[in-house]
Amino acid sequence: MTHALPNADAQAAPAITFDQFLAVDIRVGTIVAAEPFPEARKPAVKLEIDFGPAIGVKRSSVQITEHYDPATLVGRQVAAVVNFPPRQIGKYMSEVLTLGFPDANGAVVMFAPDQPVANGARLF
């Protein structure tokens, strides 16, 4: 999977239908565990994120080492796509795509609600 280039000046992606938007299931969850992922090719952190009783706890590999220390992540809410197929990252199975935006240098800044919301709440 490739990510879009972090270019704030890029044109918007082609138009999609509302049904296409609804097909991407973006939920909020709370990080319950975080640890360094030294085996990854690029510096990364392994997360376990609780998305509530309907989805449960899912794992995610995230390249967030520029701005985040794993020791400070537990309890933080994040947004993730929960309906992509799992992806093998080395010996680790990443089950959700945790969302973020690039800063001025291209490092990831995680996307999260600015007020607490229920784990599993869906973006609309």
Side-chain angles (χ1 to χ4, degrees):
M1 176 181 357
T2 60
H3 296 291
L5 295 175
N7 181 352
D9 296 325
Q11 295 291 321
I16 62 172
T17 67
F18 189 69
D19 286 341
Q20 288 172 310
F21 169 73
L22 291 177
V24 181
D25 193 352
I26 299 172
R27 305 284 182 119
V28 70
T30 300
I31 298 171
V32 295
E35 64 181 84
F37 188 9
E39 309 88 355
R41 280 186 276 145
K42 294 182 180 178
V45 175
K46 293 187 235 182
L47 300 178
E48 290 185 20
I49 307 167
D50 181 0
F51 291 98
I55 295 172
V57 175
K58 299 293 182 181
R59 299 171 4 148
S60 185
S61 170
V62 291
Q63 295 173 357
I64 58 169
T65 57
E66 289 290 321
H67 294 297
Y68 304 96
D69 176 357
T72 65
L73 292 173
V74 172
R76 180 185 191 102
Q77 288 197 299
V78 294
V81 176
V82 298
N83 66 331
F84 282 151
R87 183 170 181 217
Q88 191 75 41
I89 311 288
K91 294 181 180 181
Y92 187 77
M93 184 63 72
S94 188
E95 300 173 299
V96 299
L97 176 64
T98 304
L99 300 175
F101 293 97
D103 69 8
N105 297 315
V108 177
V109 175
M110 289 192 295
F111 181 64
D114 65 357
Q115 300 288 320
V117 296
N119 287 339
R122 186 168 181 175
L123 180 76
F124 62 90

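This structure is a prediction, so every number in the text was calculated from the model and none was measured.
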Quiz item: Are the side chains of Asn83 and Val81 in touch, meaning some heavy atoms are under 4.5 Å apart?
Solution: yes

Quiz item: If we only count heavy atoms from C-beta on, is the Phe51 to Val82 side-chain gap below 4.5 Å?
Solution: yes

Could you give the side-chain donor-acceptor pairs of residues 56-63 under 3.5 Å, partners two or more places apart or in another chain?
{"unit_1": "Arg59", "atom_1": "NE", "unit_2": "Met93", "atom_2": "O", "d": "3.4"}
{"unit_1": "Ser60", "atom_1": "OG", "unit_2": "Val96", "atom_2": "O", "d": "3.1"}
{"unit_1": "Ser60", "atom_1": "OG", "unit_2": "Thr98", "atom_2": "OG1", "d": "2.8"}

Give, for atom [atom1] of [X] and atom [atom2] of [Y], the distance between the pair rounded to the nearest 0.5 Å.
X	Y	atom1	atom2	value
Thr30	Leu73	OG1	CG	12.0 Å
Ile31	Glu48	CD1	CD	11.0 Å
Glu95	Leu47	CD	CG	12.0 Å

Do [X] and [Y] belong together in a cluster built from hydrophobic side chains that touch within less than 4.5 Å?
X	Y	result
Val109	Val78	yes
Phe21	Leu99	no
Tyr68	Val74	no
Ile49	Leu97	no
Ile64	Ile89	no

Nearest heavy atoms of [X] and [Y], plus distance in Å:
X	Y	value
Ala44	Ala40	CB-CB, 4.0 Å
Thr65	Pro43	OG1-CB, 3.3 Å
Gln77	Pro113	OE1-CG, 3.9 Å
Arg122	Val24	NH2-O, 3.5 Å
Ala34	Pro70	CB-O, 3.5 Å

Quiz item: Linking Ile, Leu, Val, Met, Phe, Trp and Tyr by side-chain heavy atoms under 4.5 Å, what else ends up with Val117?
Solution: Val28

Quiz item: Which residue pairs satisfy the side chain to side chain donor-acceptor pair (under 3.5 Å) criterion with at least one member in residues 34-44, sequence neighbours excluded?
Solution: none

Self-check item: Pairing residues for Gln20 by the side-chain contact (heavy atoms from CB on, under 4.5 Å) criterion, not counting sequence neighbours
Solution: Ile16, Thr17

Quiz item: Can you name the residues that form a side-chain contact (heavy atoms from CB on, under 4.5 Å) with Ala107, not counting sequence neighbours?
Solution: Glu66, His67, Asp103

Quiz item: Restricting to pairs with a member in residues 91-124, which pass ring-ring contact (aromatic ring centres under 6.0 Å, His included), not counting sequence neighbours?
Solution: Phe37-Tyr92, Phe101-Phe111

